Amino acid sequence: MLSRFPQNQFLGPEDLALCQRVFDQICADASLDSKSIEAEDLAAMVLTAFHCSPNRTEADLLAAIRSGRNDFEKQTG
């Protein structure tokens, strides 16, 4: 079954750990419950940002997610 999906759709352990650290940091910054709907949206945002630029450093990914969240909050606030 897995052969039907492109391998670049999957994260290796190191990439997954990087995305998890970014997710955890943003959840802590925003006091989000990691099981909330908002956190699910955040997880999707982190994975999308990572897939768009997989060579980003953790700091770059964290900055991109923070910036995206700030832009979204300005639009909805």
Side-chain angles (χ1 to χ4, degrees):
M1 178 74 147
L2 289 177
S3 63
R4 292 180 41 201
F5 297 99
Q7 290 300 307
N8 66 356
Q9 295 293 318
F10 300 100
L11 297 177
E14 294 165 2
D15 297 334
L16 184 58
L18 181 146
C19 290
Q20 183 69 54
R21 288 190 303 271
V22 169
F23 172 82
D24 290 343
Q25 183 61 55
I26 299 293
C27 281
D29 291 350
S31 299
L32 288 179
D33 175 357
S34 63
K35 297 184 191 309
S36 69
I37 297 294
E38 189 175 359
E40 286 184 27
D41 292 342
L42 172 62
M45 183 184 288
V46 170
L47 291 173
T48 299
F50 180 84
H51 278 293
C52 288
S53 187
N55 296 321
R56 282 186 178 173
T57 65
E58 184 173 337
D60 291 341
L61 186 58
L62 190 57
I65 298 301
R66 284 178 173 151
S67 176
R69 285 182 49 82
N70 286 339
D71 290 346
F72 177 76
E73 288 172 2
K74 287 178 186 174
Q75 291 176 2
T76 61

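Note that the numbering runs from 1 along the sequence shown for the chain. Note that this is a predicted model, so its numbers are computed, not measured.
Phe23 CZ to Met45 CE: the interatomic distance, rounded to the nearest 0.5 Å, is 11.5 Å. Atoms CG and CZ, from Leu32 and Arg69 in turn, are 5.5 Å apart once rounded to the nearest 0.5 Å. Atoms CG and CD1, from Asp29 and Ile65 in turn, are 12.0 Å apart once rounded to the nearest 0.5 Å.
Across all non-hydrogen atoms, the minimal contact from Asp33 to Ala39 is O-CB, 3.3 Å. Closest approach of Ile26 to Arg66, counting heavy atoms only: CD1-CG, 3.4 Å. The two residues Phe50 and Leu61 make their nearest non-hydrogen contact at N-CD1, 3.9 Å. Closest approach of Leu47 and Cys19 over heavy atoms only: CD2-SG, 4.1 Å.
Residues meeting the side-chain contact (heavy atoms from CB on, under 4.5 Å) test with Asp24, sequence neighbours left out: Gln20. Scored by the side-chain contact (heavy atoms from CB on, under 4.5 Å) test, Glu58 finds Leu18, Arg21, Val22 as partners (sequence neighbours excluded). Residues passing the salt bridge (Lys or Arg N to Asp or Glu O under 4.0 Å) test with Asp15: none are found, sequence neighbours excluded.
Looking at heavy atoms from C-beta onward, Glu38 lies out of side-chain contact with Leu42 at the 4.5 angstrom threshold.
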